[in-house]
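Okay, handing you the structure first.
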Amino acid sequence: MGKWLGAAVGVLLLIGAGLYGIGVGWFVELDGAGRIEGAMLPERVTADAQNARRAAAEAIEAGTDRQILFGDLHVHTTNSLDAFLMSLPILGAEGAHPIADACDFARYCAALDFWSINDHAEVATPKQWSEAKQSIRQCNAVAGAADNPDMVSFLGWEWTQAGLTPENHYGHKNVIFRDTAEDAVPRRPIGAGGVIGAVFAGAPLLSRIGAVLAAPGGDRKRWMEWAAYNEGVTNLKPCAEGVPVRELPDDCLENVATPAELFAKLNDWGFDSIVIPHNYSWGLASPAGTRWDFQLDESQNDPNLQILVETHSGHGNSEEYRRWRAVTYDAAGEPICPRPSENYLPNCWRAGQIIQERCLADGEDAATCEGRAADARAKHLRARGAGHWVVPGATPEDWGDSGQCRDCFLPPLSHRPGGSTQYALAITDFDNAEASNFHFGFTGSSDTHFARPGSGYKEFGRKGNTTAVGAPSPDIPQILRPERAPPQSAAVEINPDDIPGFARVDTERQASFFTTGGLAAVHAENRSRGAVWDALKRRETYATSGERILLWFNLIQDSGRAPMGSKVELGATPTFEVKAVGAFEQKPGCPEHVHDGLSPERIAELCMNECYHPSDVRRRITRIEVVRIRPQISPDEDVAELIEDPWRTFECEDDANGCSVRFRDSEYPRSGRPATYYARAIQEPTPAVNGGGVRCEYDEAGNCIQPNFCYGDWRTEPDDDCLAEVEERAWSSPIYLTPPEWRTAGR
């Protein structure tokens with residue numbers, strides 16, 4: 001009897017161990033870095049591209065020998081936990097996309113000149129970091145001669161911080177390094193931990209086993225890989241605090257809570273690096289009330305590292321400032337829900353409207369319903385980013401376009417004006433002995449989570465070229481949206497900390513705001529790594545919304561041109577010059593060299609059978625807009641009065657060679673204060689994925705009465721790209737002017 005009992009116990013233990021092993025992924029291998037399939041591009045391909053740009057520069061008399069190169073400095077693979085989650089069958093996604101996919105996509109599908117890897121550091125295992133370094137080196141190894149590679153690949157990561165209040169929210173920052181050798185990069189990426197770490201935390205063991213056993217469609221292998229991934233993340237041990245970076249073990253998880261600590265650690269390493277804040281106005285990741293002020297303080301800003309800002313990405317455009325706010329505060333610091341204003345309906349106000357409408361429909365009196373509306377507004381604010389949970393049963397259609405900027409270009413979800421690029425350039429920190437300002441250069445990016453750098457080369461593939469994901473069937477558990485409680489005419493109190501992961505935020509409406517993303521462009525001496533890096537460091541960069549628009553913006557001086565990104569001391573009237581040439585119209589399919597370099601299966605799965613394939617016809621630049629910003633010289637100056645957008649507008653002739661304008665600012669020398677200028681080149685309207693956002697039908701009063709969302713799940717057909725016409729554009733980096741002997745102290 002004892003023998004049989006022992007055997008039964010042994011069998012049960014084996015079964016238990018097997019279930020545990022399934023749950024933690026003992027029986028699967030993760031994808032790793034993958035295999036780079038594409039070799040170096042034929043020299044004629046890069047030569048033809050550069051000759052076309054040089055010919056355009058000569059035709060418009062740009063007057064420079066520098067090359068314009070295009071890249072993407074914000075790229076995720078399934079080494080990022082959120083990207084891995086999006087690759088699961090429960091979200092109808094494609095499966096794994098390792099770093100090798102990003103290399104092949106950047107070179108062959110998107111035809112980029114440079115890119116960087118930026119997986120989230122908060123959950124990066126030593127194995128993943130090692131694979132990232134190895135894969136980036138391999139991608140560079142097949143690029144050809146160092147002085148003229150077909151593409152430059154940079155190593156980096158994303159520091160992904162998310163605060164619950166504006167005061168402790170610093171946002172996401174991409175860190176990239178000039179070099180890739182083992183002795184020229186940190187031994188560990190540096191993450192943010194904290195709130196974002198909790199969001200990215202692995203699921204409990206039983207949940208993992210349950211997910212494996214109940215996997216929709218029977219795709220057990222991918223779920224087991226997910227379990228293995230989670231096991232690797234949850235086994236990471238935090239690095240000891242207060243220990244110099246070079247004395248820490250390689251296999252610990254290094255997280256810091258503030259930019260100051262991040263900059264200090266990067267400076268301790270001493271490697272040549274750049275930190276790029278990304279889309280700080282994006283309301284999915286930034287709390288209401290977010291403002292750049294909390295980062296301009298000298299303790300949280302390193303102007304030698306943080307020299308560029310991402311002003312456009314696959315999450316939308318963060319350029320534009322507006323007066324309205326999602327929340328204001330009374331004298332005691334208590335949050336107040338602002339009333340609606342032109343082109344903006346606060347989410348908190350809409351919460352009150354929904355409850356009030358229900359209350360009146362139930363036959364309650366007006367006073368009672370107004371009281372419930374006020375209560376709903378207050379509860380929405382207290383729930384922070386989870387405010388959409390306080391109204392039971394509310395659908396995205398109920399919320400409509402609340403919280404959205406109705407008159408911005410491709411805005412992110414719930415745009416935060418205090419996190420806009422224009423606001424950053426207008427504010428001044430007066431707490432230092434010398435008042436300080438941000439002096440950013442501009443970049444654009446994809447922020448792809450499917451290893452597709454530069455995914456905006458054609459407007460197609462909403463499912464794959466954007467981050468719109470969701471359950472392919474209503475029968476699958478909805479992990480990215482809240483369960484809908486029965487509608488009622490009273491709001492409920494919500495503690496956002498009780499809501500798990502991404503269900504806490506407004507992922508349903510977010511899907512309508514994902515775009516194919518933007519690009520970073522540089523004016524470089526040549527194609528080498530050093531030349532691209534030097535252009536980034538001197539801020540001779542510009543951003544585009546995805547189109548390869550050619551753009552030059554210069555200050556004209558007796559001594560020559562000062563290009564975009566320059567800081568110039570000047571007392572006289574400045575003269576500026578803007579030149580822009582439209583992007584090439586695209587031909588269908590992929591060029592011949594892509595079919596020579598990649599297998600048909602690779603082209604179908606990775607490029608989705610569409611590549612960068614330019615014709616010889618360029619789109620028209622319709623106008624040039626110039627923005628002037630005069631940074632604060634006293635704390636009581638209204639930022640809105642300092643941002644002149646547009647300050648000048650120049651209509652362009654229908655000229656195949658592009659558009660060229662020259663202008664002066666006679667007010668500058670008389671004003672006696674610094675001024676910042678940048679140019680926008682606007683291209684003729686063309687269809688874009690999610691170009692219409694919420695796609696509302698409005699009544700005469702400007703209210704959204706019929707939204708038409710583009711969902712990431714089964715409610716929108718996967719092959720529906722939700723196209724709408726937009727005016728694609730490029731933004732030059734600013735030129736910063738300061739009067740001679742300008743002194744900031746004492747102001």
Side-chain angles (χ1 to χ4, degrees), residues 73-74 80-81 116-126 128-129 132 155-178 184-201 233 236-280 285-287 290-310 419 424 429 431-432 436-440:
L73 299 175
H74 192 171
S80 287
L81 191 146
S116 69
I117 187 65
N118 305 97
D119 282 312
H120 295 291
E122 289 70 27
V123 291
T125 66
Q128 289 169 348
W129 182 236
L155 181 67
W157 66 72
E158 181 182 310
W159 184 80
T160 315
Q161 193 270 352
L164 296 177
T165 67
E167 292 78 9
N168 65 19
H169 177 70
Y170 302 107
H172 307 175
K173 300 178 188 292
N174 292 323
V175 181
I176 58 173
F177 295 88
R178 183 193 187 281
V185 295
R187 296 198 297 270
R188 300 162 304 282
I190 303 166
V195 172
I196 203 68
V199 172
F200 283 171
V233 169
L236 291 172
K237 304 300 182 185
C239 295
E241 296 183 7
V243 178
V245 292
R246 296 178 186 274
E247 297 177 15
L248 291 167
D250 290 358
D251 60 351
C252 64
L253 181 64
E254 190 168 10
N255 284 328
V256 296
T258 66
E261 296 168 279
L262 172 65
F263 299 145
K265 285 182 176 287
L266 291 173
N267 286 323
D268 281 351
W269 280 114
F271 302 128
D272 199 356
S273 60
I274 295 173
V275 177
I276 308 175
H278 93 66
N279 215 315
Y280 193 48
S286 298
T290 290
R291 291 185 291 133
W292 277 104
D293 304 68
F294 304 112
Q295 297 198 61
L296 184 53
D297 179 274
E298 63 179 346
S299 66
Q300 300 297 347
N301 181 44
D302 187 329
N304 296 313
L305 289 173
Q306 199 164 243
I307 59 176
L308 304 172
V309 67
E310 180 188 278
D429 176 22
D431 293 335
N432 303 325
S436 59
N437 304 96
F438 288 118
H439 295 101
F440 289 132

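Since we're looking at a predicted model, the values are computed, not measured.
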(request) Would you mind reporting whether Gln306 and Asn301 have side-chain heavy atoms less than 4.5 Å apart? (result)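 Yes, at least one pair of side-chain atoms sits under 4.5 Å.
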(request) Identify, with sequence neighbours excluded, every residue that meets side chain to side chain donor-acceptor pair (under 3.5 Å) alongside Asn168. (result)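 Scan of Asn168 (side chain to side chain donor-acceptor pair (under 3.5 Å), adjacent residues dropped) gives Thr165.
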(request) Considering non-hydrogen atoms only, spot the tightest contact between Leu73 and Asn118 and give its length. (result)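 Closest pair (atom of Leu73, atom of Asn118, distance): O-OD1, 3.1 Å.
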(message) Which residues pass the side chain to side chain donor-acceptor pair (under 3.5 Å) test with Asp268, not counting sequence neighbours?
(response)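 Listed in chain order: nothing, the list is empty.
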(message) Please report the interatomic distance CG(Leu236) to OG1(Thr125), rounded to the nearest 0.5 Å.
(response)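 The CG atom of Leu236 sits 6.5 Å away from the OG1 atom of Thr125.
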(message) Can you tell me how far apart CD (Glu167) and CG (Asp293) are? Round to the nearest 0.5 Å.
(response)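 The distance works out to 10.5 Å.
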(request) Check Asp251, Asp250, Leu248 against Arg187 for a side-chain contact (heavy atoms from CB on, under 4.5 Å) and give me the one that passes. (result)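 Looking at Asp251, Asp250, Leu248, the match for Arg187 under the side-chain contact (heavy atoms from CB on, under 4.5 Å) is Asp250.
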(request) Any chance you could lay out the side-chain contact (heavy atoms from CB on, under 4.5 Å) test for Val275 and Leu266, step after step, and finish with the verdict? (result) CA-CA 10 Å; Val275 177; Leu266 291 173; 3.7 Å; yes
(message) Any heavy-atom pair between the side chains of Thr160 and His172 that's under 4.5 Å?
(response)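 Yes. Closest side-chain heavy atoms under 4.5 Å.
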(request) Could you tell me which non-hydrogen atom of Pro287 sits nearest to which non-hydrogen atom of Leu164, and how far apart they are? (result)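 Taking Pro287 first and Leu164 second, the nearest heavy atoms are CB-O, 3.9 Å.
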In a table with atom names and distances, give each donor-acceptor pair under 3.5 Å that connects a side chain of residues 258-265 to protein atoms at least two apart or in another chain.
residue, atom, partner, partner atom, Å
Thr258, OG1, Glu261, N, 3.3
Thr258, OG1, Glu261, OE1, 2.9
Glu261, OE1, Ala257, N, 3.2
Glu261, OE1, Thr258, N, 3.0
Lys265, NZ, Glu254, OE2, 2.7

(request) Determine the minimum heavy-atom distance between Arg291 and Tyr280, stating which atoms define it. (result)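 What the structure gives for the nearest pair is O-OH, 3.5 Å.
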(message) Return the CD1 to OG distance between Ile274 and Ser116, rounded to the nearest 0.5 Å.
(response)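 Answer rounded to 0.5 Å: 10.0 Å.
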(request) Calculate, to the nearest 0.5 Å, the distance between atoms CD1 and CD1 belonging to Ile176 and Ile276 respectively. (result)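 It comes to 4.5 Å.
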(message) Please find the pair of heavy atoms, one from Ala184 and one from Phe271, that lie closest to each other, and give the distance.
(response)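 Heavy-atom minimum between the residues: O-CG, 3.2 Å.
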(request) Compute the ring centroids of Trp292 and Phe440, then answer whether they are less than 6.0 Å apart. (result)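 Yes, close enough.
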(request) Would you kindly say whether Asn174 and His74 are connected by a side-chain donor-acceptor distance under 3.5 Å? (result)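 His74 and Asn174 do have a side-chain donor-acceptor pair below 3.5 Å.
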(request) Output the distance between atom CG (Leu308) and atom NZ (Lys173), rounded to the nearest 0.5 Å. (result)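 It comes to 12.0 Å.
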(request) Could you pull out the closest heavy-atom pair between Tyr170 and Gln161, with the gap in Å? (result)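 Nearest heavy atoms, Tyr170 then Gln161: N-OE1, 2.6 Å.
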(request) Determine the minimum heavy-atom distance between Ile190 and Val256, stating which atoms define it. (result)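 Ile190 and Val256 have their closest heavy atoms at CG2-CG2, 3.9 Å.
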(message) Checking the side chain of Glu122 only, and the main-chain atoms of Gly191 only, is there a donor and an acceptor separated by less than 3.5 Å?
(response)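 Absent.
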(request) Taking the side chain as every heavy atom from C-beta outward, state whether Asp429 and Phe438 have any pair of such atoms under 4.5 Å apart. (result)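 Of all side-chain heavy-atom pairs linking Phe438 with Asp429, none is under 4.5 Å.
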(message) Quick check: do Cys239 and Arg188 have side-chain heavy atoms less than 4.5 Å from each other?
(response)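 Result yes, sub-4.5 Å side-chain heavy-atom pair found.
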